[in-house]
Amino acid sequence: MNFSRDPFILNVGGARYFFPQDVIKDFPLRRVSRLHNCSSEKDVLEVCDDYDQERNEYFFDRHSEAFGFIMMYVKYGKLRFVPQMCELSFYNEMIYWGLECSQLEYCCQRRLDDRMSDTYTYMSDETKPDENKVEENPEAPGEKKWLERMRMTFEEPTSSLAAQILAVVSTIFVIVSMVVLCASTLPDWKTAENRSVEEHRIIEAICIGWFTAECIVRFIVSKNKCEFVKRPLNIIDLLAISPYYISVLMTLFTGENPQLQRAGVTLRVLRMMRIFWVIKLARHFIGLQTLGLTLKRCYREMVMLLVFICVAMAIFGALSQLLEHGLDLETKNEDYSSIPAACWWVIISMTTVGYGDMYPISVPGRILGGVCVVSGIVLLALPITFIYHSFVQCYHELKYRSARYSRTLSNEYLN
């Protein structure tokens with residue numbers, strides 16, 4: 001398309017910008033530079049919203065203030081966000097004009113990354129197909145709809161009335177199994193009659209039967225069997241159920257006589273592994289889900305916390321062993337006879353637990369103890385801020401997801 005020698009005009013949201021005609025080819029904004037290759041008015045209108053050939057003016061129905069900041073980048077080479085404007089909205093303007101996030105200043109890049117991380121879950125929930133969502137397709141087979149509803153019932157406790165009832169029943173079984181497990185370790189329970197022991201085994205078998213049936217049904221109705229096996233909660237279910245069957249098989253093969261049970265210790269360990277049943281509550285409570293999701297996302301901060309503690313243990317452990325036992329003093333503190341023993345004192349001092357089983361007796365050792373306590377408070381507080389913000393973010397994400405399924409439950413009540 002032949003352009004006149006007059007300056008070309010960009011009209012963005014009512015704001016007009018005048019440029020010499022010869023700069024259009026190499027203009028830093030890709031959308032504007034595309035105008036040079038337009039051979040017809042139709043091609044021009046594919047780039048802009050309107051065009052006035054007489055005045056050589058191109059109209060763009062975009063955010064004028066955002067374009068003003070983009071023009072500052074063209075002139076000065078620095079691109080920053082518009083104050084009081086959503087980072088994602090400004091990022092959309094950048095994409096429209098042909099800019100990339102790497103062209104932002106570093107501080108603005110971090111703001112954009114944080115905003116996109118905060119909204120990723122919400123956007124993905126709305127735009128991506130949910131593997132647990134029931135598709136209201138009248139042409140879908142009845143069997144597929146039934147499987148989808150079964151999957152929702154077992155995976156999402158707030159998706160329907162039946163799912164809530166199932167979650168309550170499963171929670172009751174978890175509580176009963178934990179009470180029975182704890183009661184079985186009481187001395188009075190061990191010396192009770194065989195009838196009580198038999199009742200305990202019956203209750204335990206019923207609870208295990210419920211957990212097994214629930215796990216099998218969830219496996220059958222799952223879409224991806226391999227993905228089902230890899231999920232952390234499903235692995236926990238397997239760890240909670242399998243010890244019972246292993247202990248039953250070992251009892252059948254070795255008998256009830258303790259002298260014949262060479263694997264008696266193994267049986268006791270397997271029985272105690274049923275404590276994993278309590279983690280099954282994470283399937284029905286947002287609080288436990290939030291804790292697990294936070295630990296998953298903050299593993300770097302957790303590693304950093306462990307590194308801080310290990311470094312402090314090495315330093316204060318060596319110094320306390322030297323001051324309390326290593327120097328040639330009249331009275332040596334035998335509690336600090338080695339650095340590993342001193343590290344125990346360091347960890348309980350840094351965490352401000354202070355069991356009182358060992359403590360420094362020399363003046364330099366007590367001064368070191370005060371420094372150790374203060375250092376522990378500071379070092380432990382540094383990564384906690386990041387973990388706290390991640391916990392709040394995870395909680396809101398899970399609450400949002402739960403609210404979406406609660407709306408489905410409300411519609412079910414209305415219908």
Side-chain angles (χ1 to χ4, degrees), residues 114 116-125 128 130-133 151-159 163-164 166-175 177-178 181-182 207 210-212 214-219 221-243 272-309 351 380-406:
D114 293 340
M116 294 182 71
S117 176
D118 291 342
T119 58
Y120 173 76
T121 301
Y122 305 104
M123 294 172 64
S124 62
D125 282 343
K128 295 181 181 180
D130 192 347
E131 63 177 3
N132 295 325
K133 185 175 180 180
R151 186 180 302 112
M152 289 284 290
T153 301
F154 280 88
E155 295 291 345
E156 295 296 337
T158 59
S159 61
Q164 285 193 348
L166 184 67
V168 171
V169 174
S170 181
T171 303
I172 292 174
F173 272 103
V174 171
I175 295 175
S177 62
M178 292 306 303
L181 178 63
C182 295
C207 294
W210 170 265
F211 297 147
T212 305
E214 182 184 6
C215 188
I216 292 174
V217 172
R218 291 178 55 251
F219 177 77
V221 300
S222 62
K223 285 184 177 180
N224 192 335
K225 303 298 188 291
C226 295
E227 187 67 23
F228 177 87
V229 176
K230 295 178 182 178
R231 290 181 182 176
L233 286 179
N234 297 330
I235 295 175
I236 292 173
D237 289 343
L238 183 62
L239 292 176
I241 295 172
S242 56
M272 283 298 105
M273 283 183 64
R274 296 170 198 169
I275 198 69
F276 285 112
W277 288 341
V278 73
I279 306 180
K280 287 173 63 66
L281 295 175
R283 197 179 298 280
H284 312 300
F285 292 97
I286 293 180
L288 293 176
Q289 295 176 12
T290 305
L291 178 61
L293 187 58
T294 303
L295 294 177
K296 179 180 178 181
R297 292 185 178 180
C298 295
Y299 69 93
R300 291 187 180 90
E301 287 77 9
M302 299 298 294
V303 171
M304 182 170 60
L305 182 61
L306 291 176
V307 170
F308 287 168
I309 294 176
T351 55
L380 295 177
L382 292 177
I384 295 299
T385 305
F386 299 99
I387 299 174
Y388 166 75
H389 288 299
S390 180
F391 181 87
V392 173
Q393 177 184 340
C394 294
Y395 178 75
H396 287 307
E397 290 178 5
L398 293 175
K399 285 285 289 184
Y400 174 81
R401 181 183 179 187
S402 178
R404 292 182 63 233
Y405 290 114
S406 296

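Contact of the Val229 side chain with the Phe219 side chain is registered, since non-hydrogen atoms from C-beta on lie closer than 4.5 Å. By the 4.5 Å heavy-atom criterion applied to side chains, Leu380 and Ile309 are counted as neighbours. Taking the side chain as every heavy atom from C-beta outward, Ile235 and Lys230 never approach each other to under 4.5 Å. Using a 4.5 Å heavy-atom threshold, the side chains of Ile387 and Thr294 count as touching.
Within 6.0 Å of atom NZ in Lys225, more than 12 heavy atoms from other residues, nucleotides or ligands are found, so the atom counts as buried in its surroundings. The environment of CZ in Phe228 is crowded: more than 12 heavy-atom neighbours from other residues, nucleotides or ligands sit within 6.0 Å. With a 6.0 Å radius and a threshold of 12 heavy atoms from other residues, nucleotides or ligands, Tyr395 has its OH atom at or below the threshold.
Under the side chain to side chain contact (heavy atoms under 4.5 Å, CB included) criterion, Leu238 pairs with no residue, sequence neighbours left out. Among residues two or more places apart in sequence or in another chain, the side-chain hydrogen bond (donor to acceptor under 3.5 Å, both in side chains) test is passed with Thr212 by Tyr245.
Met304 and Pro383 make their closest contact through CE-CB, 3.9 Å (heavy atoms, listed as atom of the first residue, atom of the second, distance).
Distance check, rounded to the nearest 0.5 Å: SG of Cys298 to CD1 of Ile384 gives 9.5 Å. To the nearest 0.5 Å, the span separating CG on Asn234 from OG on Ser222 amounts to 8.0 Å. For the atom pair OG1 of Thr385 and CD of Glu301, the computed distance is 10.5 Å after rounding to the nearest 0.5 Å. Separating the OG atom in Ser390 from the CG atom in Leu293 is a distance of 7.0 Å, to the nearest 0.5 Å. Rounded to the nearest 0.5 Å, atoms CZ (Phe211) and CG (Asp237) are 9.0 Å apart. Here SG of Cys207 is found 11.0 Å from CE of Met178. Values are rounded to the nearest 0.5 Å.
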Check residues 166-174 and write down every donor-acceptor pair under 3.5 Å in which the side-chain atom is one partner and the other belongs to a residue at least two apart or another chain.
| unit_1 | atom_1 | unit_2 | atom_2 | d |
| --- | --- | --- | --- | --- |
| Ser170 | OG | Glu214 | OE1 | 3.4 |
| Ser170 | OG | His284 | NE2 | 3.4 |
| Thr171 | OG1 | Ala167 | O | 2.7 |

